[in-house]
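These numbers come from a predicted model, not from an experiment. Order of listing sets the numbers, starting from 1, for every ligand and every atom in it.
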Amino acid sequence: MSQSLDNKKYAPVGVFDSGVGGLTVAREIMRQLPGERIVYFGDTARVPYGSKSRETIIRYSRQICRFLQDKGVKAIVVACNTASAFALEQVSLEFPLPIIGVVEPGAKVAALATRNGHIGVIGTEGTIGSQIYTKTIHVYRPGAEVVGKPCPLLVPLVEEGWLKDSVTIEVAQRYLSAFQESDIDTLIMGCTHYPLLRSTLQRILGDRVNLVNPAYETAQELKALLTEHGICNDGGKDEAGLQYQFYVSDAAEKFKSFANSILPCEIEEAQLIHIDE
Ligand code: DGL
């Protein structure tokens with residue numbers, strides 16, 4: 001392997017989201033690619049992304065990709081459905097790095113997993129309004145019936161840590177009643193915050209609905225991508241620096257304790273940075 005490819009192999013992977021949601025993807029990368037280093041950015045000052053315009057999300061995503069590029073990452077995972085829907089195409093054109101999102105992997109697995117061809121998608125207003133899941137599912141399963149439902153209140157409830165609270169259960173019940181008529185057998189959790197509510201959602205929907213968390217397939221796709229570029233780190237060399245680094249744009253302590261409640265490792269610090277400067 002050439003010297004520069006070898007150096008790249010040990011570089012970290014950049015992962016970003018509007019807040020804590022992308023940790024569900026980072027967690028999956030930690031499990032499936034234990035040799036990889038990660039630089040995570042959570043845009044906690046500007047969450048939620050789901051109600052903002054395409055232009056704003058592109059601007060935020062561009063700033064974050066620039067930050068991650070300056071940190072020397074070898075690839076970027078857009079661990080946010082809204083940013084994947086609105087900005088993935090644009091940042092992929094602008095940055096000379098492999099960049100993947102979470103929508104394609106999630107849509108693909110749901111299209112292949114459904115038995116009756118009826119798929120539900122829950123996500124932010126931006127993601128559902130973009131129709132990106134419907135379009136991508138139809139690439140893999142043209143006749144599928146896709147029903148989307150925006151669930152904007154779930155993001156602040158997750159950010160608040162109210163994962164099993166009665167208020168959260170009531171809000172989720174109200175949103176999920178949208179699927180009562182449609183006989184879905186598969187539901188995509190099309191926002192990276194939602195897998196943190198998995199048990200609540202599953203209890204409401206019952207066992208006949210298969211919940212899809214795109215994080216799992218995203219980590220698999222990342223592995224395939226890094227392998228294809230010859231830059232997958234099998235953990236052979238322990239580079240200087242922390243294996244996992246976390247940056248946020250606000251409320252670093254709150255982020256840190258949340259991260260520690262869901263990650264398989266203890267993080268010592270989340271560093272506060274001003275992303276828009
Ligand atoms: N977790 C993000 C997503 O997957 C964004 C949620 C938000 O900030 O509204 O869409």
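- Under a 4.0 Å criterion applied to the non-hydrogen atoms of Val47, ligand 1 contributes the atoms 8 (O).
- Tested against Ile137, the residues Val146, Thr114, Leu112 include a single side-chain contact (heavy atoms from CB on, under 4.5 Å) partner, Val146.
- Some N or O of Asp17 is nearer than 3.5 Å to an N or O of ligand 1, by distance alone.
- More than 12 heavy atoms of other residues, nucleotides or ligands lie within 6.0 Å of CG in Asp70, so this atom counts as buried by the packing criterion.
- Here's the thing with Gly50: one of its N/O atoms is less than 3.5 angstrom from an N/O atom of ligand 1.
- At the shortest separation from atom 7 (C) of ligand 1 among protein heavy atoms lies Tyr49 N, 3.2 Å.
- Atom numbering of ligand 1 starts at 1 in the shown order; those under 4.0 Å from a heavy atom of Thr124 are 6 (C), 9 (O), 10 (O).
- Each of the following atoms of ligand 1 lies closer than 4.0 Å to a heavy atom of Ser18: 5 (C), 6 (C), 7 (C), 8 (O).
- A salt bridge does not link Glu217 to Lys108: none of the charged side-chain nitrogens sits closer than 4.0 Å to a carboxylate oxygen.
- Contact annotation for Asn81 and ligand 1: heavy atoms of both the backbone and the side chain come within less than 4.0 Å of the ligand.
- The ring of Tyr175 has its center no closer than 6.0 angstrom to the ring center of Tyr194.
- Taking the ring centroids of Phe67 and Tyr247, they lie under the 6.0 Å cut-off.
- Listed by number with element, the atoms of ligand 1 under 4.0 Å from a non-hydrogen atom of Cys191 are 1 (N), 2 (C), 3 (C), 4 (O), 6 (C), 10 (O).
- Glu36 pairs in a salt bridge (charged side-chain N to carboxylate O under 4.0 Å, His left out) with only one of the listed residues (Lys223, Lys74, Lys9), which is Lys74.
- Results of the side-chain contact (heavy atoms from CB on, under 4.5 Å) test with Phe16 over Ile76, Val39, Ile275 single out Ile76 as the only residue that passes.
- Here Thr82 has heavy atoms under 4.0 Å from ligand 1 in both its backbone and its side chain.
- Considering backbone and side-chain N/O atoms, Thr127 never comes within less than 3.5 Å of an N/O atom of ligand 1.
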